[in-house]
Amino acid sequence: MIDVRRIRTDYDTVRDALARRGGALKELEQVRELDAQLRELTAERDQIRSEVNAISKEVGTLRRDGRSEEAEAKQVESRALGEREKQLADAADEIGARTRDLLLHIPNLPSVDAPDGAHADDNVEIKRVGPGDEPAAWAEHQRVPHWDIGTELGILDLERAVKMSGAMFTMFRGAGATLSRALCQLALDHNSDAFEEVRPPTVVLTETMISTGHLPKFADDAYCFERDNLWAIPTAEVPLTSLARDEILDSADLPMRLMAQTACFRREAGSAGRDTRGLLRVHEFDKVEILAYAMPDQAAELHADLLRRAESLITALGLTYRVLDLCTGDLGNSSARTFDIEVYAPGVDQWLEVSSVSWFSDYQARRANIRYRVAGEKGTDMVHTLNGSALAVPRVWAAVVETHRQPDGSVKIPEVLLPYFRGATEIRATK
RNA sequence: GGAGGGGUGGCAGAGCGGACGAAUGCGACGGUCUUGAAAACCGUUGAGGGGCAACUCUCCGGGGGUUCGAAUCCCCCCCCCUCCGCCA
């Protein structure tokens with residue numbers, strides 16, 4: 001949520017910032033109008049409440065002194081005020097609810113540093129490591145799509161996954177499952193120097209989904225257990241961000257860094273028919289997420305650190321990648337600035353988004369009511385939240401298998417993963 | 001799932017219709033004392049909204065109700081504890 005007070009006091013700046021990402025100007029204007037009404041109503045309501053409170057005190061005194069007739073008269077007076085108060089309160093509640101609902105639908109303001117642009121084509125590539133998608137850089141044996149490699153080596157069983165769960169569900173087998181697990185473990189081990197490992201619930205309440213900005217706007221993208229009013233998380237960002245919900249953190253504990261490996265569930269409602277083959281787009285996948293709560297002046301450095309950490313994993317796996325600075329038009333709803341990491345998968349000849357490293361400023365914190373206090377100082381402020389995928393399994397799995405495929409059809413296991421492979425150094429067909 | 005007990009400030013814990021934003025204790029902070037510290041003593045100490053301010057409103061798990069007035073009474077829900085049942 002953006003701050004209503006900013007809408008009140010700095011409307012033009014807010015409007016211009018929002019305009020840069022092409023969003024919700026109508027809602028913004030409505031919020032401004034409703035907020036003005038709301039303040040009038042609550043001021044009047046509070047005035048009446050104040051009178052009622054004063055009268056009630058008098059009634060108490062009069063009754064104690066046995067002057068019940070005078071008390072009676074005061075009660076009648078107060079009763080009349082009470083009716084007016086109720087009208088005002090109802091009106092205020094109604095407008096307050098509408099304001100909040102609008103506010104929940106307004107995206108975050110982009111950072112001044114985020115490049116302008118309308119869609120993905122306008123994202124700015126700021127870095128490229130490895131040969132990229134130069135055709136000459138890749139050998140023939142690396143030009144095999146991962147689903148074929150998976151079948152050849154018996155490490156990917158999509159057919160049976162579909163039998164169990166339907167299209168866009170996956171199953172790794174044998175060394176393929178080991179690879180999946182090894183990737184997660186590598187990511188966790190790699191960040192254990194600074195991040196607390198968490199194993200959160202993967203099914204959460206509606207309120208938890210609202211905090212991160214995944215509801216109410218994007219309900220169609222998530223799986224819902226209607227009978228129990230629970231949602232399957234699309235990313236560990238959801239529970240990890242709610243971990244501190246409604247809490248006031250001590251500045252000494254900031255930045256607070258958390259990481260978690262979880263399954264992630266996505267309905268991919270808008271993308272039927274796209275990337276249907278293989279592991280490029282699936283309904284359930286494992287991911288290691290890294291996340292931080294910070295004070296505003298710590299945020300920039302943390303954002304850079306999260307990106308560095310995500311990059312170094314990709315580098316360690318020997319993959320080619322590029323980093324994009326997302327333009328205002330392509331920014332996620334809650335984000336102020338996002339860097340995407342895309343790895344190049346030679347077998348399918350595609351750049352695959354494997355990590356989004358985002359800074360949410362205080363947008364999520366305001367939704368989730370997460371504040372901090374500086375010891376000895378008065379008052380509290382909203383924290384900033386940041387997060388990124390350290391490693392998302394299926395796409396990285398695909399890129400690893402395609403990149404490291406050998407001329408004889410086997411897949412060489414990257415050195416950093418060897419500790420997790422029980423002595424094996426390559427993946428070969430078992431029969 | 002069944003029966004009973006409970007949810008109050010950073011923590012512990014009183015209050016069960018008016019003087020309660022809430023006793024008391026602990027903790028924390030400031031001061032006195034001390035070479036320094038401890039102890040003792042004195043004082044301060046929740047969050048949020050509106051208002052230039054004076055000031056005012058809201059919050060005692062959540063929501064609704066009764067009342068001139070609710071932490072206190074009534075209804076619904078949630079959570080925690082104990083016992084029983086079931087169970088990876």
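Just so we're clear, the structure is a prediction, and the values are computed from it rather than from any experiment. Computed from heavy atoms alone, side chains included, the values below leave out hydrogens, waters and symmetry copies. Labels below follow one simple rule: chain letters A, B, ... track the order of the sequence lines, proteins then strands, and each chain is numbered from 1.
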Participant: Between B/C52 and B/U45, how far apart are the two P atoms, rounded to whole Å?
Facilitator: 26 Å
Participant: For B/U58, which nucleotide in any strand shown is its Watson-Crick or wobble partner with both distances under 3.5 Å?
Facilitator: B/A47
Participant: Could you check whether atom CZ of A/Arg100 has more than 12 heavy atoms from other residues, nucleotides or ligands sitting under 6.0 Å from it?
Facilitator: no
Participant: For B/G69, take OP1 and OP2 only and decide whether either is under 4.0 Å from a side-chain N or O of A/Arg49.
Facilitator: no
Participant: Using the P atom on both, measure B/G46 against B/C29 and round to a whole Å.
Facilitator: 15 Å
Participant: Can you check whether A/Trp397 and A/Phe172 have ring centres sitting under 6.0 Å from each other?
Facilitator: yes
Participant: For the backbone of A/Leu326 and the side chain of A/Thr338, can you confirm whether one donor and one acceptor N or O come within less than 3.5 Å of each other?
Facilitator: no
Participant: 5'-most contact on RNA chain B: A/Val76 or A/Ile248, nearest heavy atom basis?
Facilitator: A/Ile248
Participant: Which residue, A/Glu85 or A/Gly60, contacts RNA chain B at a nucleotide closer to its 5' end, judged by nearest heavy atom?
Facilitator: A/Gly60
Participant: What nucleotide among B/G65, B/C57, B/G18 has an atom nearest to a side-chain atom of A/Ser56?
Facilitator: B/G18
Participant: Rounded to whole angstrom, note down the P distance from B/G85 over to B/A12.
Facilitator: 31 Å
Participant: Could you tell me the separation between the CG atom of A/Leu249 and the P atom of B/G10, rounded to a whole number of Å?
Facilitator: 14 Å
Participant: So, the side chain of A/Arg405 versus the backbone of A/Val400: is there a donor-acceptor pair under 3.5 Å, distance only?
Facilitator: no
Participant: Could you state the CD-C1' distance from A/Gln47 to B/U58, rounded to the nearest angstrom?
Facilitator: 16 Å
Participant: Check this one for me: any side-chain N or O of A/Arg45 less than 4.0 Å away from OP1 or OP2 of B/G50?
Facilitator: no
Participant: On a plain distance test, is the side chain of A/Asn53 in donor-acceptor contact with the base of B/G69 below 3.5 Å?
Facilitator: no
Participant: Checking all strands, does A/Ser50 fall into the base, sugar-phosphate, or nothing category for heavy-atom contacts under 4.0 angstrom?
Facilitator: sugar-phosphate
Participant: Sub-3.5 Å donor-acceptor pair from the side chain of A/Glu402 to the main-chain atoms of A/His146, do we have one?
Facilitator: yes
Participant: Is the backbone of A/Ala114 close enough, under 3.5 Å, to the side chain of A/Arg20 for a donor and an acceptor to pair up by distance?
Facilitator: yes
Participant: Rounded to the Å, how far apart are A/Asp35 CG and B/G50 C1'?
Facilitator: 11 Å
Participant: In Å, rounded to the nearest 0.5 Å, how long is the span from OG of A/Ser356 to CG of A/Leu331?
Facilitator: 9.5 Å
Participant: If we take the C1' atom in both B/C68 and B/G62, what is their distance in whole Å?
Facilitator: 27 Å
Participant: Starting from P on B/U58, measure out to CG on A/Asp93 and report it in whole angstrom.
Facilitator: 13 Å
Participant: Name the pairing partner of B/G1, where a pair is Watson-Crick or G-U wobble with both distances under 3.5 Å, or state none.
Facilitator: B/C84
Participant: Rounding to an integer number of Å, can you tell me how far A/Ile48 CD1 sits from B/C68 P?
Facilitator: 17 Å
Participant: What is the distance, rounded to the nearest whole Å, between atom CD of A/Glu51 and atom C1' of B/U56?
Facilitator: 12 Å
Participant: Which whole-number value in Å describes the distance from A/Glu40 CD to B/U56 P?
Facilitator: 22 Å
Participant: Just name whichever nucleotide pairs with B/G69, Watson-Crick or G-U, keeping both distances under 3.5 Å, else none.
Facilitator: none
Participant: Taking the P atom of each, how far is B/A39 from B/U56, in whole Å?
Facilitator: 40 Å
Participant: Please state the P separation for the pair B/U24 and B/G15 - nearest whole angstrom.
Facilitator: 15 Å
Participant: Considering Watson-Crick and G-U wobble pairs with both distances under 3.5 Å, what does B/U34 pair with?
Facilitator: none
Participant: Which nucleotide, in any strand shown, forms a Watson-Crick or G-U wobble pair with B/C79, with both distances under 3.5 Å?
Facilitator: B/G6
Participant: I want to verify a distance call: between B/G49, B/G51, B/C68, whose nearest atom is closest to the A/Arg5 side chain?
Facilitator: B/G49
Participant: Can you check the distance between B/G13 and B/C26, where both ends of the measurement are the P atom (answer in whole Å)?
Facilitator: 15 Å
Participant: According to the Watson-Crick and G-U wobble definitions, with both distances under 3.5 Å, which nucleotide is paired to B/C16?
Facilitator: none
Participant: What nucleotide, of B/G49, B/G65, B/C68, holds the atom closest to the side chain of A/Asp46?
Facilitator: B/G49
Participant: Please report the distance, rounded to the nearest Å, between CD in A/Gln75 and P in B/G17.
Facilitator: 18 Å
Participant: For A/Arg63, report the nucleic acid contact type (base, sugar-phosphate, nothing); a contact means any heavy atom under 4.0 Å.
Facilitator: base
Participant: Using atom C1' of each nucleotide, how far apart are B/G25 and B/U8 to the nearest Å?
Facilitator: 15 Å
Participant: Could you work out which one of B/G48, B/A19, B/C68 sits closest to the side chain of A/Arg64?
Facilitator: B/A19
